[in-house]
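Heads up: the structure comes next, in structure tokens.
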Amino acid sequence: MKRKAARATISDVAKAASTGKTSVSRYLNGEHHALSAALKQRIEEAIAALDYRPSQMARGLKRGRTRLIGLIIADITNPYSVDVLSGIEAACRAQGFTLLVCNTNNEVDQERHYLQLLSSYQVEGIVVNAVGMREEALSMLQQSLLPMVLIDRKIPDFACDVVGLNNAEAASVATEHLLANGYQAILFLSEPLGLVNTRLERLQAFKATAQRHQLASAEQAEAALNEAAKLDSILRDFYQRHQQHNCAVMVANGSLTLQVARALRRLGLRWGPDIGLLGFDELEWAELAGVGITTLKQPTWQIGYAALQQVIRRIDGDEQPLAEQMFPGELVIRGSTSPQ
């Protein structure tokens with residue numbers, strides 16, 4: 001089997017150009033004024049002939065800059081995370097940074113592995129979507145002292161810049177919409193609340209808005225994504241108790257909205273005619289689901305872009321106080337919240 005040729009080194013270029021490594025380094029670093037026209041031409045010809053490609057990592061380390069940003073995502077299969085990633089990548093390209101994406105898949109060992117990996121690559125900053133991160137991983141993040149921005153979810157007792165949705169405003173807008181459409185009983189449905197600030201803030205805003213308008217029945221329930229039987233039971237019970245009135249379900253995120261839609265079909269209930277349905281996060285299938293599902297759309301791409309911009313500001317020495325940058329959502333109205 002033919003052996004692959006060794007990659008050309010800066011020494012090879014210097015030898016081919018009949019000069020020293022210092023001159024080649026000056027050429028690569030753009031210090032052309034220090035080189036004669038003849039020497040520049042010899043170096044150019046040597047680089048082309050040898051197909052020499054300098055190590056950007058090594059060059060960056062010599063200058064004290066790697067131009068690398070780490071992104072830690074708990075679940076890259078979540079559509080929210082995919083859209084945020086797109087915004088982060090766009091900002092990296094615009095600012096001349098390279099993104100290292102680490103999907104922990106909500107696994108403790110993966111969290112530890114990727115944090116150590118990012119440290120070994122000497123990333124200049126980190127963007128974190130903190131869903132499911134364990135205390136050990138969070139402690140490692142704090143100890144790293146790297147410029148860092150959290151997306152969407154805050155971490156208790158963890159001082160950091162945060163970029164995400166204005167959850168209180170968005171939940172109030174969603175609740176107001178259901179009330180304006182005549183729903184007299186509304187169920188706020190989420191995955192287990194825990195200490196997840198997004199779920200808690202949306203629930204609190206829902207309750208406050210319902211109380212302000214004296215809603216006849218404002219209820220709350222929790223179910224994990226894999227608890228189909230529990231979800232069926234929650235929805236069946238809610239509908240049976242309130243079917244004589246207009247009733248609706250407000251779902252706290254897109255992944256759970258899909259599970260609710262499946263559960264309603266299993267129960268033989270139609271969103272719109274039988275029960276209202278409004279979900280956070282705009283998903284591609286929402287407009288194709290029969291009469292369509294009303295959603296509270298998050299500006300996910302903009303959130304990702306803004307998070308990357310903020311971490312770069314910190315890398316560049318911005319010492320402004322830690323801040324929360326909250327974006328408004330957009331209500332996308334479809335037939336699922338039009339009672340008949």
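The figures that follow rest on heavy atoms only: side chains count, while hydrogens, waters and symmetry mates do not.
Listed by first then second residue, pairs satisfying salt bridge (Lys or Arg N to Asp or Glu O under 4.0 Å) with a partner in residues 238-262 read Glu219-Arg241, Asp237-Arg241, not counting sequence neighbours. Applying the ring pair (Phe, Tyr, Trp, His ring centres under 6.0 Å) test to every pair with at least one member in residues 182-201, sequence neighbours left out, gives these pairs: Phe188-Phe206.
Other residues, nucleotides and ligands place more than 12 heavy atoms under 6.0 Å from the CZ atom of Arg266. Around atom CD of Gln214, no more than 12 heavy atoms belonging to other residues, nucleotides or ligands sit under 6.0 Å away. By the neighbour-count criterion of 12 heavy atoms within 6.0 Å, atom CD of Gln243 is densely surrounded, having more than that number from other residues, nucleotides or ligands.
Evaluated for a side chain to side chain contact (heavy atoms under 4.5 Å, CB included) with Tyr80, the options Leu283, Ile303, Leu165 yield exactly one hit, Ile303.
Using a 4.5 Å cut-off on side-chain heavy atoms (C-beta onward), Glu282 and Gln298 make no contact. Side-chain contact check for Lys297 versus Leu331: every heavy-atom pair is 4.5 Å or farther apart. Two residues are said to be in side-chain contact when any heavy atoms from C-beta on lie closer than 4.5 Å; Leu278 and Leu178 meet this criterion. With a 4.5 Å cut-off on side-chain heavy atoms, Ser217 and His242 count as touching. The closest side-chain heavy-atom distance from Leu71 to Ile126 is not below 4.5 Å. Looking at Pro299 and Glu330, their side chains never come closer than 4.5 Å, going by heavy atoms from C-beta outward.
Between the side chain of Arg67 and the backbone N or O of Phe97 there is no donor-acceptor pair closer than 3.5 Å. Put simply, the side chain of Gln95 never gets that close to the backbone of Cys92: no donor and acceptor are under 3.5 Å apart. A side-chain donor-acceptor contact under 3.5 Å links Asn129 to the backbone of Ile151. Judged purely by atom type and a 3.5 angstrom limit, Asp83 has no side-chain atom pairing as donor or acceptor with the backbone of Thr300. Of the possible donor and acceptor atoms, none in the side chain of Thr295 sits under 3.5 Å from a partner among the backbone N and O of Phe280. Using a distance-only test at 3.5 Å, with no hydrogens or angles considered, a donor-acceptor pair links the side chain of Ser172 to the main chain of Ala168. Using modelled atom types, no side-chain atom of Ser23 and backbone atom of Thr19 make a donor-acceptor pair closer than 3.5 Å. A distance-only check finds no donor-acceptor pair linking the side chain of Asp161 to the backbone of Leu322 [under 3.5 Å]. Side-chain atoms of Arg42 come within 3.5 Å of backbone N or O of Ala17 as a donor-acceptor pair.
For Glu176 and Arg212, the salt-bridge test passes: some basic side-chain N is under 4.0 Å from an acidic carboxylate O. One finds no salt bridge joining Glu222 and Lys230 here, because no Lys/Arg side-chain nitrogen approaches an Asp/Glu carboxylate oxygen to under 4.0 Å. Using a 4.0 Å cut-off between charged nitrogen and carboxylate oxygen, Arg270 and Asp274 count as a salt-bridge pair.
In this structure, Cys102 SG and Ile73 CD1 are separated by 9.0 Å, a value rounded to the nearest 0.5 Å. In this structure, Ile293 CD1 and Leu288 CG are separated by 10.0 Å, a value rounded to the nearest 0.5 Å. Of the inter-residue distances, the one linking Cys160 atom SG with Leu150 atom CG reads 4.0 Å to the nearest 0.5 angstrom. Atom CD of residue Glu124 and atom OG1 of residue Thr98 lie 10.5 Å apart, to the nearest 0.5 angstrom. Atom CG of residue Leu203 and atom CD of residue Gln220 lie 5.0 Å apart, to the nearest 0.5 angstrom. Summarising the geometry, atom CD belonging to Gln259 is positioned 11.0 Å from atom CG belonging to Leu189; distances are rounded to the nearest 0.5 Å.
In the hydrophobic clustering of ILVMFWY residues, with side-chain heavy atoms under 4.5 Å counting as a link, Leu200 and Val251 come out apart. Cluster membership for Ile88 and Val311, using ILVMFWY side-chain heavy atoms within less than 4.5 angstrom, is shared. Linking Ile, Leu, Val, Met, Phe, Trp and Tyr residues whenever their side-chain heavy atoms come within less than 4.5 Å leaves Trp301 and Leu85 in two separate clusters. Put simply, Leu225 and Trp285 are part of the same group of oily side chains (I, L, V, M, F, W, Y) that touch within less than 4.5 Å, one to the next. Ile315 and Tyr305 fall into different hydrophobic clusters, defined by Ile, Leu, Val, Met, Phe, Trp and Tyr side-chain heavy atoms under 4.5 Å apart, directly or through other members.
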Intermediate values then yes/no, side chain to side chain contact (heavy atoms under 4.5 Å, CB included), Trp271 and Val260: CA-CA 10 Å; Trp271 50 81; Val260 169; over 6 Å; no
Working for side chain to side chain contact (heavy atoms under 4.5 Å, CB included), residues Thr209 and Leu179: CA-CA 9 Å; Thr209 306; Leu179 292 169; 4.3 Å; yes
Stepwise side chain to side chain contact (heavy atoms under 4.5 Å, CB included) test for Leu267 and Tyr239: CA-CA 10 Å; Leu267 296 172; Tyr239 179 72; over 6 Å; no
Full working for side chain to side chain contact (heavy atoms under 4.5 Å, CB included) between Arg334 and Val291: CA-CA 7 Å; Arg334 301 190 177 97; Val291 298; over 6 Å; no
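Of all heavy-atom pairs spanning Gly329 and Leu296, the tightest one is CA-CD1, 3.9 Å. Heavy atoms only, all atoms of each residue included: Arg202 and Ala252 are closest at NH1-O, 2.6 Å. Across every non-hydrogen atom of Asp281 and Gly254, the tightest pair is OD2-N, 2.9 Å. Ile76 approaches Ser81 most closely through the heavy-atom pair CA-CB, 4.5 Å. Taking each heavy atom of Val149 and Ala307 in turn, the nearest pair found is CG2-O, 3.8 Å. Of all the heavy atoms in Leu231 and Ala223, the pair that sits closest is CD1-CB, 4.0 Å.
If you check the side chains of Asp12 and Thr9, you find a donor sitting under 3.5 Å from an acceptor. A donor-acceptor pair shorter than 3.5 Å cannot be found between the side chains of Thr294 and His177.
Considering only residues two or more places apart in sequence or on other chains, Ser190 meets the side chain to side chain donor-acceptor pair (under 3.5 Å) condition with none of them.
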